[in-house]
Amino acid sequence: MRLDPVLDRIDADLEAATERLLRLLRIPSISTDPAHRADCRAAAEWLAEDLRSIGFADARLRDTPGQPMVTGRMGDTGPRLLFYGHYDVQPADPLELWKTPPFEPSVEDTPEGKVIRGRGASDDKGQLMTFVEACRAWVTVHGALPARVSILFEGEEESGSPSLVPFLRDHAEELRADLALICDTGLFDRDTPAITTMLRGLVGEEIVITGPDRDLHSGAYGGPAVNPIKVLARIIAALHDDHGRVTLPGFYDGVPEITPELRAQWEGLGFDEDDFLGGVGLSHPAGEADRTALEMIWARPTCEVNGIAGGYAGAGFKTVLPSQASAKISFRLVGRQDPAQIREAFRAHVQSMLPPDCTVEFHGHGAAPASVMSTDAPAFETARRALGPEWPKPAAFVGAGGSIPIAGYFKTELGTDSMLLGFANNDDLIHSPNEKYDLRSFHKGIRSWARVLAALAETG
């Protein structure tokens, strides 16, 4: 099956493809808000119907205790590919910061070109539809796909995916594939596509330290009474040494060094640390003193304080000695770091620094190991080469600072390796007001998936 007529069809159908995306974006499928449960189902039904219109004859909703999954299958020959995306979106708050209503999407002219504006435009409805539209073009031109494709669309990614792992376990035989394709990532820059091969894992911990049994007057009790905020501050300060390294025993067990070949490729990307930090009002790198910013984001573990509470923080001043102080701490993991071991080491650290008259409560907030995809697998170089003709610069193998647990779940539950390939831009404002998706990225993303499908099918 020839690729060129498929690409021509994508170009001719761009206006209709954009309108289909706009229709999906109008559905406020906010999975975290029970008031939008029916909207999530409506988005799932819209997708199932759209897949059936292409030729995914068995496309349907699959009920879960939460939001429904959407599945579908097509194709009888070629490699088995499982494509994953999510149709749920983040809440749109604060609404007053949106230039246009978040669920009244439109195509808008900007100094950088045309963009599709609306909640979910980039994360992840626009990305999801790049693959769907590529499939539509293949079927329209050739009456079939070049590979065996299964679809899995989730409706709870933005609310922790509570139904995902049970669903994978219950339907493992049906979903198992030669390779999983995940579209929840982005470009390295506007001209350089990226195949993400490293995802950091995550451990979340909340600690609550209690001292006196009530808030106290700091004049009457300050000095002899233990202050939970001071205790908490000492505990947090002791998590790092003067060189930015995490001090927990065994924290760096399983942390690999990147290969010279990968380091050379990253250096060739032209990443500018000054621009990166300057874009958020900073000028001096923090973290591990002997590591580059790109290395710290993609290939090094971190420990960060995400929030602190305690005492009086309202208007004016109140001389209170608080009963409690709390903090939320997250660890990003790489390589073979064990989330359970990290959590245990952190809790032991807190307990070891707890003075008399203080107690601590621990509340875990999820844990997932890092995911590392071997670029030795032929599919990765095949896809990288397939992307070349579509973009000004060659595709790069990159890491990602965030965590996308689905890649790990596909490996542990299905035995399937994942390829993360997306076309979002760094300035798409995902999770923020005025989210957008460049029309160029949407168009080239569709063409890119068409090329990758052809290449993967040809190499098997």
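Here the closest non-hydrogen pair linking G118 and P105 is CA-CB, 4.4 Å. Nearest heavy-atom pair across P249 and A345 is O-CB, 4.0 Å. Of all heavy-atom pairs between L175 and L82, the closest is O-CD2, 3.5 Å. In terms of heavy-atom proximity, M419 sits nearest to A383 at SD-CB, 3.6 Å. Nearest heavy atom pair, residue F410 against residue A180, reads CD1-CB, 3.5 Å.
Heavy-atom contacts from other residues, nucleotides or ligands closer than 6.0 Å to CG of N426 number 12 or fewer.
Using cut-offs of 30° and 60° for the angle between ring planes, the F331 and F251 rings count as tilted. Ring pair W449/F131 is perpendicular by interplanar angle, where above 60° counts as perpendicular and below 30° as parallel.
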Apply side-chain contact (heavy atoms from CB on, under 4.5 Å) to D123 and H86, showing your working.
CA-CA 8 Å; D123 185 21; H86 65 89; 3.1 Å; yes

Given side-chain contact (heavy atoms from CB on, under 4.5 Å), test R176 with T416 step by step and report yes or no.
CA-CA 7 Å; R176 197 166 284 121; T416 299; 4.0 Å; yes

Run the side-chain contact (heavy atoms from CB on, under 4.5 Å) check on L248 and L239 step by step: do they pass?
CA-CA 7 Å; L248 298 180; L239 285 170; 3.9 Å; yes

Should L387 and E390 be marked as a side-chain contact (heavy atoms from CB on, under 4.5 Å) after you check the CA-CA gap, both sets of side-chain angles, and the distance that decides it?
CA-CA 6 Å; L387 291 165; E390 193 60 45; 5.7 Å; no

R440/D191 under salt bridge (Lys or Arg N to Asp or Glu O under 4.0 Å): CA gap, chis, key distance, verdict:
CA-CA 11 Å; R440 171 180 179 264; D191 293 332; 3.2 Å; yes

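For the pair I30/E158, no side-chain contact is recorded, criterion being any heavy-atom separation below 4.5 Å from C-beta on. With a 4.5 Å cut-off on side-chain heavy atoms, D109 and K114 count as touching.
At least one donor-acceptor pair closer than 3.5 Å links the side chain of E273 to the backbone N or O of A293.
The side chain to side chain contact (heavy atoms under 4.5 Å, CB included) with F423 is formed by just one residue from the set S122, C183, S448; it is S448.
A side-chain hydrogen bond (donor to acceptor under 3.5 Å, both in side chains) check over residues 218-227, counting only residues at least two apart or in different chains, returns nothing. Pairs engaging residues 201-211 under the side-chain hydrogen bond (donor to acceptor under 3.5 Å, both in side chains) rule: E205-R343, E205-R347, E206-H365, T210-Q324 [sequence neighbours left out]. Every pair passing ring pair (Phe, Tyr, Trp, His ring centres under 6.0 Å) that includes a residue from residues 167-207 is listed here, sequence neighbours excluded: F167-H171.
Listed by chain and residue number, nothing satisfies the side chain to side chain donor-acceptor pair (under 3.5 Å) test with Q337 (two or more places apart in sequence, or in another chain). For Y252, the side chain to side chain contact (heavy atoms under 4.5 Å, CB included) criterion is met by R245, V246, V255, E288, R300, P301, not counting sequence neighbours. Here E133 pairs with R20, R136 under the salt bridge (charged side-chain N to carboxylate O under 4.0 Å, His left out) rule; sequence neighbours left out.
A donor atom on one side chain and an acceptor atom on the other are not found under 3.5 Å apart for D88 and S159. Side-chain atoms of S163 and E156 form a donor-acceptor pair, as typed in the model, at a separation below 3.5 Å. K436 and T110 form no side-chain donor-acceptor contact under 3.5 Å, judged by distance and modelled atom types alone.
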